Number of protein chains: 2
Amino acid sequence: MAKFENIKEHIYQKIESGEWPEYHPVSSENALANQFKVSRMTARRALQELSDEGLVTRTRGSGTFVAPLKSQSALLTIRNIADEIALRNHRHHAEVVCMEKVPASPTLATFLHVPVQSQVWHSIIIHHENGQPVQVEDRYVNPRLVPNYGEQDFTQRTPHDYLCEVTPLTEASHQIEAVLPSAALSRWLKVEALEPCLQINRRTWCRDGVVSQATLTHPGSRFRLGGHMTFRASKKS
Amino acid sequence: MAKFENIKEHIYQKIESGEWPEYHPVSSENALANQFKVSRMTARRALQELSDEGLVTRTRGSGTFVAPLKSQSALLTIRNIADEIALRNHRHHAEVVCMEKVPASPTLATFLHVPVQSQVWHSIIIHHENGQPVQVEDRYVNPRLVPNYGEQDFTQRTPHDYLCEVTPLTEASHQIEAVLPSAALSRWLKVEALEPCLQINRRTWCRDGVVSQATLTHPGSRFRLGGHMTFRASKKS
DNA sequence: TCTTTGCTAATGTATATACAAGCTGTACTC
DNA sequence: GAGTACAGCTTGTATATACATTAGCAAAGA
């Protein structure tokens, strides 16, 4: 492996393991150069690439620091429903319908990479915007990676928020489809049985395996998923 | 502006203007260093950053070349329905329902940034996968930027393909929602009026303005939108 | 006490150089 | 003619050096 990659690896470990939390200072270019017995330009390259990847932020005159985790997936943000509602200056509140441990069905076991019939966390939470239900979050969580999931108070913070903190996410996959709500869903969302809903299926990974699999259902009449992208990073002229 | 930025700018112009098409060779590091009277390392930096941004591809021993445009938005791909179907080894065919010039309604005029009542291209195309309809593409195109849109044969190539070629896209925004199909849509998609559909609203920009606004409707029972992302670019160990 | 000044350390840009490693075409050999 | 060896160009990695720009702090001054 190239020398600059060793240095990146070293710093990445510190961040991923949680030893260096958000905003923790990272060794300076000169310090790394001494420590790894390389030239400053080589140490610089490692830090520069970590900065490009969004893991650290750098400020001339000040130094290099671990970037806030929430900005690490800046490109296609995994949205936190509570933040999104707050952004619109609306009021968010969550209702925990269910929080239990259940044995994993064969399908679920495959999704979460756990043994069939092993106990997994299951929660159902209804998110409201200004008193109206806008999302039902039906989530299964791997108890090996998140043993204390059931003890959290999810009326105060969202599961997404909590999971991001205890297991730094490294990977995610989404599937979006349009469905008709089940009886329970239409009751929870206070919509008619024939109203189309937007359903997002999301699995998230951390370094050690599948953390969680969630089905987020939104009423079609009260929700849109938006995205914007530009193909060019640098600014014009 | 920094020297390496000047070089980037120079190359970017060539690509954006279309003077250098896909796979066109880019001057080598040494050639650029001579041309711009800088050191090789500075020229290298310009090429390296363009490579990071996905505008060019580089191969040791061979050279630097303009990247194929379709890979320029690698992160959240703007999918081409035909490619997607081909990827599944299925058969794609398109049916052009309508191709006309219509006066822009006030709403549409706002979307496309054109004068109200000015003529714009309007096309409706049904995309089939193995004979079954999977997408209705209802598209409005800015005739100032794409004057010959109406003369293309969209049974052979998709509008997305054509638009990518004649106007290098620089920006795009999406909105996804779940809806019930209109009468015409349910007829075209051969679904019942009560089947929920996934509707994607997409606007695309090139350097000179809004190119096109499209509404893509998929039957919920036959379509899913997927995405996958990792938060770390480099590979492990 | 508040302000100014200046020092130090950190990142940002640029250069010159060296060698490693991979692709391509040419010339040579069999 | 077919295969091989090699030379030359390309990108990739690494080093040493110089100077610019900025943040933060400390000391001197009013």
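Letters go in sequence order (proteins before strands), and every chain restarts at 1. Everything quoted here is computed from the prediction, not taken from an experiment.
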**Q** Could you pull out all residues at least two apart from B/H127 that satisfy side chain to side chain donor-acceptor pair (under 3.5 Å)?
**A**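 With sequence neighbours excluded, B/H127 shows a side chain to side chain donor-acceptor pair (under 3.5 Å) to B/H92, B/E137, given in chain and number order.
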**Q** List for me each residue that meets ring pair (Phe, Tyr, Trp, His ring centres under 6.0 Å) alongside B/H93, sequence neighbours excluded, and say none if there are none.
**A**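 With neighbours one apart ignored, the set is B/H128.
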**Q** Can you list everything that forms a ring pair (Phe, Tyr, Trp, His ring centres under 6.0 Å) with A/H10? Sequence neighbours excluded, please.
**A**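 In terms of ring pair (Phe, Tyr, Trp, His ring centres under 6.0 Å), with neighbours along the sequence ignored, A/H10 is linked to A/F36.
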**Q** What integer distance in Å separates A/N34:CG from C/dA10:P?
**A**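 Between P of C/dA10 and CG of A/N34: 11 Å.
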**Q** Residues in ring pair (Phe, Tyr, Trp, His ring centres under 6.0 Å) with A/F154, at least two apart?
**A**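 Here the qualifying residues are A/Y149.
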**Q** Show me the donor-acceptor pairs within less than 3.5 Å that the side chains of residues 210-217 of chain B make with the rest of the protein, sequence neighbours left out.
**A**
unit_1 : atom_1 : unit_2 : atom_2 : d
B/S212 : OG     : B/R139 : NH1    : 2.8
B/S212 : OG     : B/Y140 : O      : 3.3
B/T215 : OG1    : B/N201 : ND2    : 3.2
B/T217 : OG1    : B/Q199 : NE2    : 3.0

**Q** Assess whether a salt bridge exists between B/E9 and B/K14, defined as any Lys/Arg side-chain N lying under 4.0 Å from an Asp/Glu carboxylate O.
**A**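 Salt bridge absent between B/E9 and B/K14.
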**Q** Could you run down nucleotides 4-14 of chain D 5' to 3' and tag each one B, S or - for protein heavy-atom contact under 4.0 Å?
**A** ------BBBBB
**Q** Return the angle between end axes of the helix from C/dT1-D/dA30 to C/dC30-D/dG1, with five pairs used per end and rounding to 10°.
**A**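 Roughly 0°, once rounded to the nearest ten degrees.
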**Q** Going by the rule salt bridge (Lys or Arg N to Asp or Glu O under 4.0 Å), which residues pair with B/E177 if we only count those two or more places apart in sequence or in a different chain?
**A**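 Only A/R224 meet the salt bridge (Lys or Arg N to Asp or Glu O under 4.0 Å) criterion with B/E177.
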**Q** Quick one: ring pair (Phe, Tyr, Trp, His ring centres under 6.0 Å) partners of B/Y162, sequence neighbours excluded?
**A**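 Per chain and number, B/Y162 pairs via ring pair (Phe, Tyr, Trp, His ring centres under 6.0 Å) with no residue.
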